[in-house]
Amino acid sequence: MAGTRAETAGKPMKTSILRVDISVVRLSASSKAGIEDTNTKGHVTIDDSHADAEYLRQAALELKTSDIPVAFPTETVYGLAADATRSSAVQGIYRAKQRPSDNPLIVHVQSVHQLRDLLRPKRRTNGSDELSSHDSSHSRDEMQRKQVEDPIPSIYTPLIQKFWPGPLTMIMPNPEDSVLASEVTAGLSTFGARMPNSPIALALIQLAGVPLAAPSANASTRPSPTTAVHVKHDLDGRIATIIDGGPCRVGVESTVVDGLSDPPAILRPGGISLEELRECEGWENVTIGYRDVAQSEARPRAPGMKYKHYSPKAAVLLYEWTSSRPTREVLLSRVGPQRRIGIVRTLNWPAACELSSTLLDTAPQDGTAKSFVVEDDSGGDVEVLDLDLGQSPEGIARGLFSALRELDAKHVNAIFVEGIDDRQGDVAAAVMNRLRKSAEQAITD
Ligand code: TXA
Ligand code: MG
C-alpha cells in the first residue's frame with residue numbers, strides 16, 4: 001500500500017495530483033444537513049461511469065488502509081486527511097506536516113448522524129438513534145432525556161441548521177471512551193467538528209466511511225494551500241495522493257466557535273460573521289476569544305495560535321489600513337540580495353506604490369503578479385512584483401495565501417502588504433488575523 005512503500009525504502013515517495021471533476025459527485029436531495037439528519041448512508045452520489053470516480057475510491061482506500069495522509073480540497077483551504085479513529089494514521093499527519101503534536105486537529109464529518117456517533121459513549125455507538133430499553137426504563141427529567149436522545153449540545157442546534165455544511169467548526173465534548181484517536185485532540189477533553197461544503201470533500205469522507213481528521217495541507221508555519229499545486233510544493237515526497245478539486249472558493253480557514261464556554265466565544269475568525277452568529281439563539285452574547293499576535297502576548301485559547309503561522313520565507317511587512325503607504329526609501333531598503341521586492345495591494349495603494357511605471361514585458365506568465373523595474377539610488381535594477389487583490393474582503397481572502405506563495409516562489413526579499421479595516425466584517429477580520437500572524441512587522445503609524 002502507499003503507506004509503507006516509500007518510507008521503509010527511505011527515499012521520497014512519488015506525490016501524484018489526481019484531478020477530480022466536480023461532475024463526478026452529485027449532492028442528493030437530502031444533502032441539506034439539518035439537525036434532524038439521521039441519514040447513515042451519506043448525502044452524495046458518485047457517478048462511477050466517470051473516470052475520475054476511481055481517483056476518489058483510491059484515495060478513500062488509502063485513508064482506510066494506509067498511514068500516509070491524503071490531501072483533499074474543501075471550500076476553505078486544502079486539508080491533509082487521515083482516519084480520525086486510527087492513531088497510526090493521525091500520526092502520519094503530524095509527520096508529513098512536521099507539526100507539533102500538541103496542536104489539535106479538526107474532525108470532518110459528512111453527516112450530522114456521523115457527528116452524533118462521535119459524541120455518544122462507545123456503548124451506545126451502534127448506529128441506532130433509538131434509546132435502549134435500559135436507558136428508557138430509568139426515570140430522567142426531560143432535559144436529561146433530551147441529551148440521551150441527542151448528544152449534540154443544544155447550543156449548536158441553530159448553528160448546524162444555519163451554517164452546515166460550511167466553513168464553521170464547533171468545539172464538541174469528547175466522550176471519555178471516545179472512538180477518536182488521542183492524537184486528534186492532543187489531550188484536550190474536546191474536539192473541533194466541521195462538515196465541509198465541498199461535494200468532493202463530502203464524497204471522500206463518505207467513501208472512507210470514517211470521520212477525517214484534517215488540518216490545512218501546508219507544511220507547518222507556511223501559508224495554507226488554496227490549490228493542489230500549493231500542496232505539492234510543500235509536501236512533495238511526503239504524501240502519495242493529492243485530490244485536486246480546483247482552487248478553494250473561500251481561501252481562509254473555517255470560523256472556530258466554542259459554545260461550551262459561557263458566554264460562547266469565537267476562537268478563530270473565518271467566513272461566518274459575528275453578526276450572523278449573534279442572530280442565532282444562545283449566541284446573542286458571543287465574544288471574541290482570539291487575539292491577534294500584534295495585539296497581545298496573552299496565552300492563546302485555541303492551541304494552534306501560539307505557533308508561527310501562515311509565513312512565507314520573505315519578511316511580511318503589514319501596513320494597517322490607518323497607516324500611510326511605504327515610501328520609496330522604505331521600499332528600496334528591503335530589496336535584499338535577490339534585488340526583488342513584492343507588493344500586495346488592496347484598497348488604495350497605486351500600482352508598484354508609484355515606484356516605477358516601467359512594466360516589464362517579461363512579466364511572469366505563471367501567476368498574477370505584474371513585474372515592474374526601478375533603478376535604485378546606486379543605479380542598479382530592482383524588480384517590483386505587484387499583486388492587486390481587489391477591494392472586496394471575500395476576493396482578498398480568496399487570493400491572499402496564493403499571493404504570499406507566489407511572491408515567495410519568485411524569491412522576493414520582503415512583501416509589503418496593504419491591510420484592510422478588520423471591522424468591515426468577519427471575512428476582513430479573518431484576513432487581518434492571518435496577516436498579523438504571518439507578519440514580521442505591523443506598521444500602525
Ligand atoms: O477550514 C478549516 O478549518 C481547515 C480545512 C482543512 O477544513 N482546517 C484547518 O485545520 O484549518 P487546522 O488544524 O489548521 O486548524 C485547527 C484550528 C486550530 O486553531 C486549533 O487550535 C483549533 O482549530 N482547534 C481544534 N480543536 C480544538 C479544540 N478542541 N479546542 C480549541 N481549539 C481547537
Ligand atoms: Mg493550518
Side-chain angles (χ1 to χ4, degrees), residues 69-82 84 90 93-94 96-110 118 163-174 178 180 182-198 200-202 204-205 211-226 230-231 234-235 243 245 248-261 264-272 289-291 293 299-311 397 401 427 430 433-434 437-438:
V70 170
F72 73 115
T74 80
E75 76 279 25
T76 56
V77 299
Y78 274 71
L80 188 63
V90 179
I93 295 178
Y94 290 112
K97 280 193 66 140
Q98 301 183 299
R99 169 176 174 144
S101 60
D102 61 337
N103 199 355
L105 306 175
I106 292 173
V107 178
H108 296 69
V109 296
Q110 54 87 14
L118 292 177
F163 301 115
W164 268 15
L168 182 68
T169 298
M170 299 174 225
I171 303 300
M172 299 284 170
N174 198 25
S178 172
L180 293 175
S182 61
E183 289 83 357
V184 172
T185 55
L188 297 174
S189 57
T190 53
F191 69 94
R194 162 161 133 78
M195 187 190 296
N197 190 16
S198 147
I200 291 179
L202 291 171
L204 189 64
I205 308 169
L212 298 182
S216 47
N218 51 288
S220 199
T221 79
R222 310 279 299 146
S224 300
T226 54
H230 294 165
V231 179
D234 278 20
L235 301 179
I243 295 291
C248 299
R249 185 171 52 76
V250 178
V252 290
E253 302 86 343
S254 61
T255 301
V256 180
V257 293
D258 182 1
L260 307 178
S261 62
I266 301 177
L267 301 187
R268 179 174 74 179
I272 309 272
Y290 64 88
R291 291 173 205 276
V293 173
R299 198 180 138 69
R301 288 182 61 186
M305 293 176 186
K306 69 185 176 200
Y307 301 103
K308 192 181 169 202
H309 251 85
Y310 312 115
S311 304
F401 288 139
V427 175
N433 171 264
R434 307 308 191 272
K437 284 166 194 278
S438 77

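We're numbering straight along the sequence, starting at 1. Everything numeric here is computed off the predicted structure, so don't read it as measured data. Indexing begins at 1, ligand by ligand and atom by atom, following the structure's order.
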[Y] and [X], any side-chain heavy atoms less than 4.5 Å apart:
{"X": "P104", "Y": "F191", "result": "no"}
{"X": "P215", "Y": "N103", "result": "no"}
{"X": "M195", "Y": "L202", "result": "yes"}
{"X": "M172", "Y": "L118", "result": "no"}
{"X": "Y290", "Y": "V256", "result": "no"}

### Task
Please determine, by modelled atom types, if S224 and E253 share a side-chain donor-acceptor pair under 3.5 angstrom.
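Present: a donor and an acceptor within the cut-off.
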### Task
Could you tell me which residues satisfy side chain to side chain donor-acceptor pair (under 3.5 Å) with S198, sequence neighbours excluded, listed by chain and number?
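Applying side chain to side chain donor-acceptor pair (under 3.5 Å) to S198 gives none.
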Just jot down the ligand 1 atoms closer than 4.0 angstrom to any heavy atom of [X], in number order.
{"X": "I171", "result": "27 (C), 28 (C), 30 (N), 31 (C), 32 (N), 33 (C)"}
{"X": "F191", "result": "29 (N)"}
{"X": "L188", "result": "28 (C), 29 (N), 30 (N)"}
{"X": "N103", "result": "21 (O)"}
{"X": "A214", "result": "8 (N), 10 (O)"}

### Message
Which of the protein's N, O or S atoms come within less than 2.8 Å of the Mg ion (ligand 2), not counting waters?
### Response
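Correct list: S216 OG.
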Would you check the N or O atoms of [X], main chain and side chain alike, for any that come under 3.5 Å of an N or O of ligand 1?
{"X": "R268", "result": "yes"}
{"X": "T190", "result": "yes"}
{"X": "S254", "result": "yes"}
{"X": "E253", "result": "no"}

#### Entry: L267, portion touching ligand 1 at heavy-atom distance under 4.0 Å
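Contact part for L267 vs ligand 1: side chain (C-beta onward).
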### Message
Tell me whether ligand 1 is touched by S216 - counting only heavy atoms on the residue side and a distance under 4.0 Å.
### Response
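True for this residue.
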### Query
Within less than 4.0 angstrom of ligand 1, does T185 place any heavy atom?
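Distance cut 4.0 Å: T185 fails for ligand 1.
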### Message
For V109, is there any backbone N or O sitting under 3.5 Å from a side-chain donor or acceptor partner on R194?
### Response
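No, the answer is negative, given that no donor and acceptor are paired below the 3.5 Å cut-off.
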### Task
Please answer whether the main-chain N or O of S254 pairs with a side-chain N or O of R268 as donor and acceptor at a distance below 3.5 Å.
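Side chain of R268 to backbone of S254: a pair is present.
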### Task
From the options P215, G270, G79, select the one whose nearest heavy atom is closest to atom 13 (O) of ligand 1.
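The nearest heavy atom belongs to P215.
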### Query
Any idea which heavy atoms bring D258 and L260 closest together, and the distance?
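Of all heavy-atom pairs spanning D258 and L260, the closest is OD1-N, 2.8 Å.
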### Query
Which residues satisfy the salt bridge (Lys or Arg N to Asp or Glu O under 4.0 Å) test with E183, sequence neighbours excluded?
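E183: no salt bridge (Lys or Arg N to Asp or Glu O under 4.0 Å) contacts found.
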### Task
Could you list the residues that satisfy ring-ring contact (aromatic ring centres under 6.0 Å, His included) with F401, not counting sequence neighbours?
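So F401 forms a ring-ring contact (aromatic ring centres under 6.0 Å, His included) with Y310.
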